[in-house]
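Report on the following structure.
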Amino acid sequence: MAYAPKRRPSTYPTGRSTPKGRRPVARSARARNADPAELRALLAEGSAYLKSQPGEDPQKYAAAIDLVLEPGGPDMLKEPRSPLALTMTKDLRAKLEQAFEDFDTTKDALADEALLAVLNGDWLPPETVRTRSRDAEKTRSRTVLNVSVDEDLRGRLGKERLAELSREAGYPVSLSSIIISWMTEEMGISRDGKPAESAFQMQQYKTLRDHWQAVAAERGVKLDDVVSQGLRELRAGTQVLPRPVVAPRGARAGERFAKLTLRLDDELREWLVQATPGLSEQLDYGMDPGKVVTEILKLRLGTPEGWDSPAK
């Protein structure tokens, strides 16, 4: 029988990791609706008040406000930015522009977030698959979405770093693919008819991860597809998970961990989260989404010899 998931609590986190370090913030509706003249008057009033106070600190803060109020002063608060043209379909651009408005955010803020997430090692874009269908080309005329990105972030993702990321991912990674993929994930937009996807990250024994990657490469398949097919069969009831094997104490001593990143469509990922409690009850074993994925990969791609010797 198919596994019947429990309803996901409304407070359950999405699983997306928040980029570390400085996070660009989109201009809020309050900021967009503020009266510049009124704001300038309030700043001048605040400066005057600070100047009337004793001590060095109030005078220092007043001087900073006065500097911002000078002609060209606000420009000093802006970080250097660099223009970037993102090529995409007209349909995708229209969806993104509508989402920017609906979610009260800006394309430049999302572009900076994307670069920051990659630099922090929190996220990588999925592989971009180009459709060569003639009919598809007729309906997918290309256009450009212009953004500006933080110059420092762009400089840190130069050609050498992008080449390194491409080698690690096994497919080309570019500034455009980073930013467009991040935008579509954040806005929940499907790309060219594909289901909306997001990254599923887990810590895994490096020995296992390397084994699965090697077997998948030999068979000419992707780990993403292997896991997705396994989850679909598990949901349909045609795939049964065995109870995980507990390794003997100390058997994994010295084993290193490595990050394993998979791409799952959001609907399938949602089902996985909901189904996990039911799987735990059925297997009488504390399961979580990562353990479910691990068992699927073990079933379909195997393990190194002797890896799953049961505990005595």
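Please read all numbers here as calculations on a predicted model, not as lab measurements.
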**Study point:** Considering all heavy atoms, the nearest Arg209-Ala258 contact
**Key:**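 Closest approach of Arg209 to Ala258: NH1-CB, 3.4 Å.
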**Study point:** Minimum heavy-atom distance between Thr207 and Pro304, given as atom pair plus value
**Key:**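 Nearest pair, atom of Thr207 first, then Pro304: CG2-CG, 3.8 Å.
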I'd like to know if the side chain of [X] reaches the main chain of [Y], judged simply by a donor and an acceptor atom lying under 3.5 Å from each other, with no hydrogens or angles considered.
X      : Y      : value
Ser228 : Asp224 : yes
Asp112 : Val149 : no
Ser177 : Val173 : no
Arg161 : Arg156 : no
Ser52  : Tyr49  : yes
Ser280 : Thr276 : yes
His211 : Lys206 : no

Side chains of residues 53-61: which donor-acceptor pairs under 3.5 Å do they make with residues two or more places apart or in other chains?
{"residue": "Gln59", "atom": "NE2", "partner": "Leu50", "partner atom": "O", "Å": "3.3"}
{"residue": "Gln59", "atom": "NE2", "partner": "Lys51", "partner atom": "O", "Å": "3.3"}
{"residue": "Gln59", "atom": "NE2", "partner": "Gln53", "partner atom": "O", "Å": "2.7"}

Are [Y] and [X] co-members of a hydrophobic cluster defined by side-chain heavy atoms under 4.5 Å apart?
X      : Y      : value
Leu110 : Val144 : no
Leu67  : Leu42  : no
Val221 : Ile296 : yes

Practice item. Could I get the full list of ring-ring contact (aromatic ring centres under 6.0 Å, His included) partners for Phe100, not counting sequence neighbours? Key: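 Applying ring-ring contact (aromatic ring centres under 6.0 Å, His included) to Phe100 gives none.
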**Study point:** Distance (rounded to the nearest 0.5 Å) between Leu241 CG and Glu233 CD
**Key:**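 Here the rounded value is 11.0 Å.
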Review point. When rounded to the nearest 0.5 angstrom, what is the spacing between CD in Glu45 and CD in Glu38?
Key: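 Rounded to the nearest 0.5 Å, the CD-CD separation comes to 10.5 Å.
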Check your understanding: Does Arg300 reach the side chain of Gln239, with side-chain heavy atoms less than 4.5 Å apart?
Key ->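 Sidechains of Gln239 and Arg300: in contact.
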Exercise for review: Before accepting this row, confirm whether a basic side-chain N of the pair Asp265/Arg269 lies closer than 4.0 Å to the acidic partner's carboxylate O.
Suggested key: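 Salt bridge between Asp265 and Arg269, a charged N being under 4.0 Å from a carboxylate O: no.
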Review point. Thinking salt bridges, do Arg154 and Glu151 make one under a 4.0 Å N-O criterion?
Key: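 Between Glu151 and Arg154 there is no salt bridge, as every charged N stays at least 4.0 Å from the carboxylate O atoms.
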Practice item. Could you label the plane-to-plane angle of the Phe257 and Tyr205 rings as parallel, tilted or perpendicular, counting under 30° as parallel and over 60° as perpendicular? Key: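 Answer is parallel, since the angle falls under 30°.
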Exercise for review: Go through the steps for Glu295 and Lys298 under the test salt bridge (charged side-chain N to carboxylate O under 4.0 Å, His left out), then give the verdict.
Suggested key: CA-CA 5 Å; Glu295 292 308 309; Lys298 284 182 177 180; 3.6 Å; yes
Check your understanding: With sequence neighbours excluded, what pairs up with Gln98 under the side chain to side chain donor-acceptor pair (under 3.5 Å) test?
Key ->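 Scan of Gln98 (side chain to side chain donor-acceptor pair (under 3.5 Å), adjacent residues dropped) gives Asp102.
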Review point. Taking atom CD of Gln203 as the centre, does the number of heavy atoms from other residues, nucleotides or ligands within less than 6.0 Å exceed 12?
Key: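 For Gln203, atom CD is crowded (more than 12 foreign heavy atoms under 6.0 Å).
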Practice item. In sequence, state the C-alpha distance, the side-chain angles, and the governing distance for Thr143 and Arg93, and then conclude on side chain to side chain donor-acceptor pair (under 3.5 Å). Key: CA-CA 8 Å; Thr143 188; Arg93 187 180 73 172; 3.2 Å; yes
Check your understanding: So Asp35 and Arg40, salt bridge (charged side-chain N to carboxylate O under 4.0 Å, His left out) or not? Walk me through it.
Key -> CA-CA 9 Å; Asp35 183 345; Arg40 179 176 289 273; over 6 Å; no
